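Here's the structure we're looking at; comments come further down.
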Amino acid sequence: MEPSDSSPATSNITVRRGEPLVVVKNINKHYGELHVLKNINAVVNRGEVVVVIGPSGSGKSTLCRAINRLETIDDGVITIDGVKLPEEGKALAHLRADVGMVFQAFNLFAHKSVLDNVTLGPIKVRGLSRADAEKKAMALLERVGVSNQAKKMPAQLSGGQQQRVAIARALAMDPKVILLDEPTSALDPEMINEVLEVMVDLANEGMTMIVVTHEMGFARKAADRVIFMAEGEIVEETSPEEFFTNPQSARAQDFLSKILDH
Amino acid sequence: MDTLLNNLDVFVDGFTLTLQVFLWSALFALFLGTIVGAMRVSPVGPMRWVGTGYVNLVRNTPLTLLMFFFAFGYPKLDLPNVSYTTLAIFALGLYTATYVAETLRAGINTVPLGQAEAARAIGLTFGQSMSHILMPQAFRAVIPPMMSVFIALLKNTTVAAGFSVAEAGYIRASLSERGEPAIVVLLWVALFFILLVAVLSFVQRMLENRLKVLR
């Protein structure tokens, strides 16, 4: 891959922490008649925290899921650390191991204990011994504050605890980037903060993150950049400060007025 | 009672063979059925087609016909000599595997899509997602219908009696030669089958309790 290939296409942000890690170039996706992603271009650099915001149906989740090919795209190119996203198969599995994913619905493996949820990937994909994987998993569970739940089954945990385990599971793979697809949308209000705190810590430690969220507080506190999407397009791409205080497009202004009023 | 006690040897031999045929064909069906079930949900087209073809072909053939093919067709082929019992095990296994595959496929469909997505997201391959995430949950979801498949298999073993396999279904024929009243013999055979099925039902309840997936 030529260096010029991974240079930003439409991004107008000049402050970079590192070289481009995730590059999305001219991607399109249709669901039948519906054009859900319209010629999307975006770049996420190493160490950057990018928050994707937008009304429901704007394509933000689809974009997030396309980055580790949980959604296929019709055309365009996605590269991660200079490697083009492969077709279905071993190479794709290999690449997904480097891309952490946290889902809205947690998706912890229902028949495995919390500890086994976190150790499965390191053992089966990274080839760690069980002892090493458990040591690492316990350290991660400690870090997200649920190490005392390690022996329990996922269904015995609260939503907030489950989501923190899911973050630990993603971190256990030592990913280059973590995708968080509405990680707090399925949580009761009092559990949202415990998950956001873990996310803010991660951001402060320099993890590269792409976060689809409605949590404006998180965007303000931790994001380097906000991407605002509407109707399958990137409408605005700017700093959180700029986005919240001085949105340029009518659609962003309209969206913000609806969510910030209450 | 005399009918049973005077001919205990025949009953013991018959049911021993029934259990052997049952266990071997059950293992064979479970193994083959799991593979075929996985093939039917594979992302690879040809795998799906082979799985679907196999299920439709074998499941739509009456078991008796399948036994005929093995009992009378196989010996005509120039292949190593195999006992009728082994041929019956193959026929029963191939036949039951289609039901195992379909039951499992139903089970796989009950596992929420997010489980497969999470498995793929941590870098598991299709095979690993199947064996570590989907199949274990699918099996737990289908324990009751799966046990029905195996209860049907247990009773289907008696079809082998028609092909010179002296299992429990053959007891009446053996004992008619000794002059025992057929109806009494059949009642005893039926009673033993009911007991065996009760054991399977007990195993089912145990598995259900132990392997329950909390959601």
Side-chain angles (χ1 to χ4, degrees), chain A residues 64-65 67-72 87-113 116-127 152-157 162 165-166 168-175 177-181 186, chain B residues 34 37-49 51 103-146 204 206-215:
Chain A
C64 182
R65 290 162 54 83
I67 291 170
N68 69 351
R69 212 172 183 278
L70 287 179
E71 300 280 354
T72 54
E87 298 287 304
E88 213 59 50
K90 286 236 156 55
L92 180 62
H94 201 75
L95 185 131
R96 278 175 174 153
D98 288 338
V99 180
M101 177 100 195
V102 175
F103 301 86
Q104 181 176 353
F106 328 134
N107 294 345
L108 293 180
F109 304 130
H111 63 303
K112 290 188 175 293
S113 72
D116 289 343
N117 262 276
V118 184
T119 57
L120 183 71
I123 292 173
K124 296 297 172 192
V125 180
R126 298 284 192 227
K152 289 193 181 162
M153 299 303 278
Q156 295 171 293
L157 271 56
Q162 288 191 52
V165 174
R169 177 175 68 180
L171 290 175
M173 300 303 292
D174 296 320
V177 52
I178 292 195
L179 314 171
L180 299 103
D181 184 8
Chain B
T34 306
M39 283 169 84
R40 294 212 64 184
V41 297
S42 158
V44 185
M47 294 277 255
R48 275 201 308 278
W49 303 330
T103 307
L104 264 181
R105 191 164 69 96
I108 291 168
N109 288 338
T110 69
V111 180
L113 184 62
Q115 297 285 307
E117 289 188 343
R120 284 148 71 196
I122 59 169
L124 297 183
T125 59
F126 174 76
Q128 287 174 323
S129 310
M130 261 301 155
S131 58
H132 295 295
I133 307 302
L134 297 181
M135 281 297 182
Q137 294 190 50
F139 265 109
R140 287 159 162 85
V142 296
I143 289 170
M146 190 63 88
Q204 170 190 334
M206 234 171 52
L207 286 176
E208 271 184 76
N209 288 337
R210 181 162 311 171
L211 297 178
K212 200 156 35 188
V213 180
L214 299 168
R215 291 213 190 276

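For the numbers below, each heavy atom of this structure counts, side chains included, while hydrogens, waters and symmetry mates do not. First the proteins, then the strands, lettered A, B, ... as listed; each starts at 1. Keep in mind the model is a prediction, meaning the values are calculated, not measured.
Highest contact tally toward chain B, considering only V102(A), L92(A), L108(A), N107(A), is held by N107(A) [criterion: heavy-atom pairs under 4.5 Å]. Chosen from R96(A), K90(A), M101(A), H94(A), the residue pairing most often with chain B at heavy-atom distances under 4.5 Å is R96(A).
Take R126(A) and apply the side chain to side chain contact (heavy atoms under 4.5 Å, CB included) test, not counting sequence neighbours, and it matches A97(A), D98(A), L128(A), M173(A). With sequence neighbours excluded, no residue satisfies side chain to side chain donor-acceptor pair (under 3.5 Å) with R120(B).
Both the backbone and the side chain of E117(B) have a heavy atom closer than 4.5 Å to some heavy atom of chain A. The contact between F103(A) and chain B is made entirely by side chain atoms (from C-beta outward), counting heavy-atom distances below 4.5 Å.
Listed for the Q137(B) side chain is no donor-acceptor partner under 3.5 Å among the backbone atoms of L134(B). Checked by atom type and distance alone, the side chain of Q104(A) never pairs as donor or acceptor with a backbone atom of D181(A) at under 3.5 Å.
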